[in-house]
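Below: one structure, written as structure tokens.
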Amino acid sequence: MTPVQSPRRSLLTVDARTRRRNAAETRFRAYGIIAVSLAMLALAVLLYSVFSNGISAFRQTFIVMDITLDSAALDPTGQRDPAAMAKVTTIGYGKQIEAALVHALEAKGISSAEISAKDVSALISKESPAQLRNIVLANPALLGSTIHFRGYANARIDGYFKGRVSMESAVRDSNISPAQLQLADKMRATGLMEVGFNWGFLTGPDASELRPEAAGLGVAILGSLYMMLIVLVLALPIGVAASIYLEEFAPQNRWTDLIEVNIANLAAVPSIVFGILGLALFINFAGLPQSAPVVGALVLTLITLPRIIIPARASLKSVPPSIRDAALAVGASKMQTVLHHVLPLAMPGILTGLIIGLAQALGETAPLLLIGMVAFVRDFPAAPPEGFFDPASALPVQVYNWTQRADPAFAERASGAIIVLLVFLLVINSVAIVLRRRFERRW
Amino acid sequence: MTLVRMTLSTLAIAAVSATAAQARDQIQIAGSSTVLPYATIVAEIFGENFGFPTPVVEGGGSGAGRKKMCEGVGENTTDIANSSSRIGQSDIDLCASNGVNEIMEVRIGYDGIVFASDVNGPEFAFTPTDWFNAIGAQVLKDGVLVANPNKTWADVNPALPAQALLAFVPGTKHGTREVFDIKVIEAGCKASGAEAAFLAANGGDAKAASASCMMLRTDGVSVDIDGDYTETLARLDANKNAIGVFGLSFYQNNTDKLRVATMGDIVPSTETIANGTYPVSRPLYFYVKTAHLDVIPGLQEFIEFFVSDDMAGPDGPLADYGLVSDPELAQTQANVAGRQAMGPLN
């Protein structure tokens with residue numbers, strides 16, 4: 001047994017092995033930096049593409065002019081009876097707007113002689129007659145007077161001011177001509193057209209392919225809000241009750257093990273599977289209406305429950321046993337221990353899990369596909385609770401719908417809708433972080 | 001405890017209003033994504049003017065829409081199925097087995113299928129024979145059937161530009177693909193003489209010969225697009241050499257990015273499709289469950305409005321969007337007004 005001879009050397013000189021170990025550490029740090037920068041790069045590219053395409057959706061070109069409401073054309077009976085006035089369709093109102101535009105052009109001294117009357121009226125959105133009709137039907141006393149009207153301009157004109165349409169592309173474009181763009185330039189110079197913030201994008205309903213300029217997110221935001229409300233009301237008590245029972249009261253046996261495994265598995269099931277379940281259970285069996293937020297919310301609740309139960313159990317488990325022991329030692333019952341001492345301490349973690357679960361539910365599209373929510377819905381749902389049963393859309397659904405449309409203006413709107421969705425998610429996640437920061441206790 | 005009580009009362013209110021909300025007052029439509037934009041245009045104007053709620057329109061494909069309509073009679077089934085191909089006997093049988101005995105067939109007009117390439121690329125003038133020789137799996141070369149050797153469009157037809165072959169065709173789940181197969185590939189197979197060769201090779205079995213005609217190359221020259229036309233356009237943008245298959249209305253909305261090719265020397269347009277000279281077109285339909293006509297408010301008004309001259313006529317908004325107006329629209333209007341259910345398929 002000879003003792004192992006270690007070479008004598010100074011600690012200050014770096015030998016080959018130490019150099020290798022140091023190099024390995026440097027490499028490891030470099031890998032980490034590369035991984036982080038790749039992730040940052042991907043995020044930056046994503047945000048750049050979404051924002052560069054979508055930010056323009058919040059601005060819109062409007063036509064501003066005075067319209068004299070011709071009572072002979074808009075109320076043929078002269079009785080100011082809303083039912084009789086409703087017989088005048090948007091075609092009749094469209095003629096009024098066209099006449100008003102021609103009049104406004106003359107008043108501003110803009111010659112439109114080289115463009116046909118049809119091309120001039122094509123500058124106005126097809127949504128405008130409906131807007132005007134709603135204004136008049138809501139207030140028949142306006143008939144005969146001159147009102148100030150602000151309506152959307154056609155999507156191609158809007159695209160021209162946003163740089164999506166150019167004079168060169170207009171030559172090849174069958175929907176717009178360079179002459180129309182020149183007229184639009186003149187109208188903007190004289191104040192007949194203006195570009196401004198587009199509240200309609202946030203509050204208006206979806207629109208058909210003939211009027212992309214009017215398409216908005218109103219119905220989708222309302223539908224998503226209704227669904228999140230129901231998911232919150234259902235998933236919070238069920239999820240918290242289930243996790244408290246499983247964590248604090250249930251005996252440890254084969255059954256509870258089985259349930260635990262199942263919950264973990266359910267959290268990983270693809271969401272489209274829940275959509276199929278929802279179609280079979282809630283629509284075909286329970287007879288709930290199609291395209292309704294209540295059905296979407298029930299499906300999303302099923303998806304969210306395991307995603308809530310797992311973090312809720314984890315945060316109950318992280319409450320130190322000494323708290324329970326102390327409460328039990330002074331004579332509290334098991335239920336008092338849990339409700340008075342354990343639950344308040346676990347609440348920040350439970351709420352964080354709940355909010356992140358809600359945020360995930362907000363972004364789900366696939367399960368909604370099967371229950372008829374991926375649809376063209378133009379009417380706003382009524383106020384709750386009846387509104388829960390009216391057809392509605394949802395934010396991610398609206399993104400999906402718009403990416404499929406032919407008109408390029410919808411691509412811009414799809415990116416705009418993604419921005420709105422991202423803002424909602426950001427707000428929800430910040431609430432989760434604030435809650436955690438304020439109420440979390442460390443042991 | 002208050003939380004529990006609040007939850008329970010909310011659920012109770014929801015349950016009560018569920019029974020109140022059972023009566024559906026808006027029309028439900030589902031089906032072909034080709035018909036979808038037309039249906040949304042009509043639905044929008046209908047909702048504005050008629051005092052009925054705006055119908056809810058879903059996509060999902062022709063087959064899925066017809067199956068959904070055939071699920072049965074009742075307020076939680078759809079009223080109208082949009083379809084870019086005619087209903088088949090199997091769907092009619094499915095309907096009948098679920099108690100949907102009467103359906104009304106409404107032809108709203110025609111849709112053209114166009115071949116388009118990048119707007120800055122060369123002009124193309126195709127014939128069905130060119131397409132078959134370009135993407136058919138086996139073609140006739142010097143009188144013998146061989147695996148397709150062509151590499152450029154000039155190999156296929158010396159009159160075409162020497163551009164590498166690459167075609168984006170609709171996937172098999174699309175109604176468009178059926179029309180493409182029959183009106184272009186099969187027609188080209190016949191015209192090039194390959195069908196006769198397939199017939200001889202299969203001992204006169206017409207079915208086998210037709211199946212051989214429809215076989216497309218699998219070496220990456222012909223790419224199936226399972227998404228919609230926006231995906232085809234995006235792929236075309238990345239691959240400037242390719243030729244894509246689009247619907248006429250989609251092309252008309254993107255004329256600044258796409259250059260359309262002629263087929264048999266005919267430029268596709270609403271006029272050439274209406275008079276039948278442009279060969280690749282198909283009728284578009286919707287199917288209505290007649291049992292729902294008196295149950296769902298506004299359904300009869302909606303379908304009459306859909307086929308009215310104001311909508312589906314040659315100067316209506318649907319024609320603006322690319323629908324080719326049906327020359328026999330008056331007959332369709334009479335059928336719809338008379339609630340004429342469809343007879344057996346002929």
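First the proteins, then the strands, lettered A, B, ... as listed; each starts at 1. It should be emphasised that the depicted structure is a prediction, and the values quoted were computed from it without experimental measurement. The analysis underlying the following values was restricted to heavy atoms, covering all of them including side chains, and did not include hydrogens, waters or symmetry mates.
For the set B:Gln26, B:Lys68, B:Glu58, B:Glu71, the count of heavy-atom pairs under 4.5 angstrom toward chain A peaks at B:Glu58. Ranking B:Glu231, B:Gln252, B:Arg259 against chain A, the residue ahead of the rest is B:Gln252, based on heavy-atom pairs under 4.5 Å.
Of the possible donor and acceptor atoms, one in the side chain of B:Glu44 sits under 3.5 Å from a partner among the backbone N and O of A:Ser208. Distance alone, capped at 3.5 Å, is enough to place a donor-acceptor pair between the B:Asn49 side chain and the A:Thr90 backbone. Of the possible donor and acceptor atoms, one in the side chain of B:Asn76 sits under 3.5 Å from a partner among the backbone N and O of A:Ile283. A donor-acceptor pair under 3.5 Å is formed between the side chain of B:Asn254 and the backbone N or O of A:Ala406.
For A:Arg405, the part lying near chain B is the backbone, with the side chain staying farther off; criterion is any non-hydrogen pair under 4.5 Å. For a residue to count as touching a neighbouring chain, one of its non-hydrogen atoms must lie under 4.5 Å from one of that chain's; by this rule B:Tyr229 does not touch chain A. Within the 4.5 angstrom heavy-atom criterion, only side-chain atoms of A:Glu127, from C-beta onward, approach chain B. Using a 4.5 Å cut-off between heavy atoms, A:Ala207 touches chain B through backbone and side chain atoms alike. For A:Ile176, no part sits under 4.5 Å from any heavy atom of chain B, backbone or side chain. Heavy-atom distances place the side chain of B:Val119, and not its backbone, under 4.5 Å from chain A.
Taking 4.5 Å as the limit, every side-chain heavy atom of B:Thr230 sits out of range of all side-chain heavy atoms of A:Thr403. In this structure the side chain of A:Ser291 reaches within 4.5 angstrom of the side chain of B:Gln28, judged on heavy atoms. Within the 4.5 Å cutoff, the side chain of B:Ser249 has no heavy atoms near those of the A:Glu209 side chain. Residues B:Thr255 and A:Arg172 form no side-chain contact, since every pair of their non-hydrogen atoms from C-beta on lies 4.5 Å or further apart.
Between A:Lys126 and B:Glu48 no salt bridge is recorded (no basic side-chain N to carboxylate O distance below 4.0 Å).
Listed by sequence position, B:Pro37 are the residues of residues 31-38 of chain B in contact with chain A, using a 4.5 angstrom heavy-atom cutoff.
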